[in-house]
Structure formats: structure tokens, C-alpha cells
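The structure under discussion appears below in the form of C-alpha cells.
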Protein chains: 2
Amino acid sequence: MFDCLKLENQLCFPLYAASKEVIRKYKPFLDKLDLTYTQYIVMLVLWENENVNVKELGEKLFLDSGTLTPLLKKIEDKGYIIRNKSEYDERNLVISLTKDGKILKRKALDVPKGISKCVNLTNEEAMTLYNILYKILKK
Amino acid sequence: MFDCLKLENQLCFPLYAASKEVIRKYKPFLDKLDLTYTQYIVMLVLWENENVNVKELGEKLFLDSGTLTPLLKKIEDKGYIIRNKSEYDERNLVISLTKDGKILKRKALDVPKGISKCVNLTNEEAMTLYNILYKILKK
DNA sequence: CATAATTAAATTGTACACAATTTAATTTGT
DNA sequence: ACAAATTAAATTGTGTACAATTTAATTATG
């Protein structure tokens, strides 16, 4: 019964470790874009939908304003986004891409290509993993 | 082709988000033990093998001394472990459980029980997930 | 056998995470 | 209308992560 306290037997641990390992593999690719991993996933959201506010971003990425506010300021300093108060509701901060931010999308296309070669899973395994993970994330 | 840059289609993201979600589910259980998640996985290692040094701990947990040194000092402050230089090689810091640290193992048995009810995966799904994650982690 | 190379922790500096609180703007209820 | 409740970001404080450097101890080598 004590076995349930083995590190190996707890799902949380391989999940946490694999997540960090995969993010580590992204690093060399993201360095070329001058983005950290978290900054990259923010950019992914913006490349999909222009003009997102902090709350929407947080819901999509499972992050709160305590994480996002300083993060967004850094991406703004790099010149990829602009932060503006909404004219309809000044509580909302609307994030938009700059020209450089849009251009960056083209360079970012290399990232998924490179990564798929690094993570040694079959397509089927990746698909299965993907489905189970989204089941965990489903509310 | 631009679809490969969709947040949803990148394995890294559900992996990272699911990892954080699962860790979030541990929190109420770990609060009762006065441990954070990372402190908990350190304790898991120590409950399995007494007298581990920082390097071994780092290899098992995929963490480095920059993370572990302050973490271990905090667990020591809580009274669960002791940090001592090895008498055979003073470069090594040996981590041992205190009496309280050993007693805590008993209380920790409730954690995996509680968690399995929170994560809504079938046994088969959990097993599949487990295997794919360890494939990612295998060197 | 003394110096160079290696190794293990610790330190430094940057970047998240997230709980809890604060601030400012907008809605609600009377 | 207007005070109370709600909402969205920002702020504050604690706790990781991890790259890069430093320090101290040990081992390898000329």
C-alpha cells in the first residue's frame, strides 16, 4: 500500500517532468525568435486572434493577471505587441500585434517543424496523449 | 499550413497546462502537510530512499541545485529534513529525514487517494498517459 | 607531488506562477 | 440617481525554474 507514495507511481510527476522536458526542447528554437516559452504561447494566441484582452488570454492559457501583466510588458518592450485600454470599457486592456509581431509569425513556422523531430513519439502516440491531456483540461 | 501554429495543435501547450492543472488539484491536500508541490516530490524521493545527495535528487526530479538549494533549506526550516555534508566527500550534501519527516509519510498516504478521485481519467487512460510520458522522459 | 581538471553545491540574475490584496471602472439594486 | 456589488488589471509577496558563474573539495596528470 505504501507503493502509492512512490514517485514513479504518481501521475503528477511524469506529467510535470515531461512538460518541462518538452519546454526545454523548445528553447533553442524560441531563442531565435527572442521569446521565452510563455511569451511564445501568448504570441500563438495573438497570431490566431487579434485584439485579445488580458482576461481572455488568461482563460486560454490558464494564467492570471499576476503572471500576464509583467509578461505582456516585456513582450511590448521587445516591440511585438501594444497594450491599450479598451475605449468601450477602460477596465479592459486590449493586446494587439505590431508589424514586427505579425512578421514574427512567419519565422515561428519553423518552431513546430523542428520540435516534431525532437520529440520521439509516433503520430498515434501524440494523438492519444493529446486526447487524454484535453480530457484533463476539460471543465 | 498556418494551422501548425495554432495553440491547440501544439503538444507542448496541453502538456504544460494539464501539468499545472493537476498540480493545482494537489494543493488542498498538500496544504494539510504544509508542503508545496515541489517540496512534496522531494519528500517522495526521501520516503523511498534515505540519505540522498543534492545531485541524485536533481537527477530523479529533473531539477538543478539552483532550484534545490533554497527548496531544501525551506524544508529543513519546517523540520522535515536535515542537510549534512558527507564525511567521505565534503562536496556532497546528504539529505536525511527527521523524525517529523518520517511521521509525515503516514499523513501523506491520503494524498494519492484524494487525487485519484479528482482526476477524471479511467485506469486505462491513466496507464496509457503514464507510458507515453515516460517515453518522452527516457534518455 | 603540485598543479590542472573535474565535480558538487551554492550563488546570482532573470522569468515565470499564483494567492491575496488593491485600484479603478462599470453594473446593479433600491 | 447613487451607494453597493462586481469586474478587470495591477500590485505584492512567496516559491519555484534554470542558465551562468563562483566556491570549495577531490581527482587526474605531467
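Keep in mind that what you see is a predicted model, and the values were worked out from it rather than measured. The basis for the numbers below is simple: all heavy atoms, side chains too, and nothing from hydrogens, waters or symmetry mates. Convention: sequence-line order gives letters A, B, ...; per-chain numbering from 1.
In this structure, the CG atom of N53(B) is 14 Å from the P atom of dT26(D), given to the nearest Å. In this structure, K73(B) places its NZ atom 14 Å from P of dT16(D), rounding to the nearest Å. What separates NZ of K55(B) from C1' of dT26(D) is a distance of 14 Å, to the nearest Å. If you take CG of L61(B) and P of dC18(D), they are 11 Å apart, rounded to a whole angstrom. Between the CG atom of D31(A) and the C1' atom of dA19(D) there is a distance of 11 Å, given to the nearest Å. Across the protein-nucleic acid pair, D77(B) atom CG and dT16(D) atom P stand 12 Å apart, rounded to whole Å. The interatomic distance linking F13(A) (CZ) with dT16(D) (P) rounds to 15 Å, in whole Å. The distance between atom NZ of K27(B) and atom P of dG15(D), rounded to the nearest whole Å, is 11 Å.
In this structure a side-chain-to-backbone donor-acceptor pair under 3.5 Å is missing from S19(B) to L15(B). A donor-acceptor pair under 3.5 Å is formed between the side chain of T98(A) and the backbone N or O of Y80(A). A distance-only check finds no donor-acceptor pair linking the side chain of E21(A) to the backbone of I136(B) [under 3.5 Å]. Not a single donor-acceptor pair under 3.5 Å links the side chain of Q10(B) to the backbone N or O of L7(B).
Under the salt bridge (Lys or Arg N to Asp or Glu O under 4.0 Å) criterion, D64(A) pairs with no residue at all, not counting sequence neighbours.
No path of Ile, Leu, Val, Met, Phe, Trp and Tyr side chains, each step under 4.5 Å between heavy atoms, connects V94(B) with V45(B), placing them in separate hydrophobic clusters. The cluster map of Ile, Leu, Val, Met, Phe, Trp and Tyr, joined by side-chain heavy atoms under 4.5 Å apart, puts I82(A) and L68(A) in different clusters. In terms of hydrophobic clustering, with Ile, Leu, Val, Met, Phe, Trp and Tyr side chains grouped at heavy-atom distances under 4.5 Å, V42(B) and I103(B) are assigned to different clusters. Hydrophobic cluster membership is shared by I115(A) and L109(A), with clusters built from Ile, Leu, Val, Met, Phe, Trp and Tyr side chains linked at under 4.5 angstrom.
Aromatic rings of F29(A) and Y40(A) (six-membered ring for Trp) have centroids beyond the 6.0 Å cut-off, not under it.
Contacts classified as ring pair (Phe, Tyr, Trp, His ring centres under 6.0 Å) and involving residues 97-136 of chain A (residues at least two apart or in different chains) are given here: Y130(A)-Y134(A).
For K20(B), the NZ atom sits in a packed shell: over 12 heavy atoms of surrounding residues, nucleotides or ligands are nearer than 6.0 Å. Counted within 6.0 Å of CG on N123(B), heavy atoms from surrounding residues, nucleotides or ligands total 12 or fewer; the atom is thus considered open.
DNA chain D lies under 4.0 Å from at least one heavy atom of each of the following residues of residues 64-71 of chain B: D64(B), G66(B), T67(B), L71(B). DNA chain C lies under 4.0 Å from at least one heavy atom of each of the following residues of residues 32-39 of chain A: T36(A), T38(A), Q39(A).
In 5' to 3' order, the nucleotides of DNA chain C bounding all contacts with chain A (an atom under 4.0 Å from a heavy atom) are dA15(C) to dT26(C).
Taking the nucleotide of DNA chain C with the nearest heavy atom to each of S86(A) and I23(A), the more 5' of the two is matched to I23(A). The nearest heavy atom of DNA chain D to D89(B) and to N92(A) marks one nucleotide each, and the one closer to the 5' end goes with N92(A).
Residues T38(A) and L63(A) are in side-chain contact: their nearest non-hydrogen atoms beyond the backbone lie under 4.5 Å apart.
For the helix from dC1(C)-dG30(D) to dT30(C)-dA1(D), the terminal axes (five pairs an end, C1' atoms, rotation from four pairs onto the next four) enclose an angle of 10°, given to 10 degrees.
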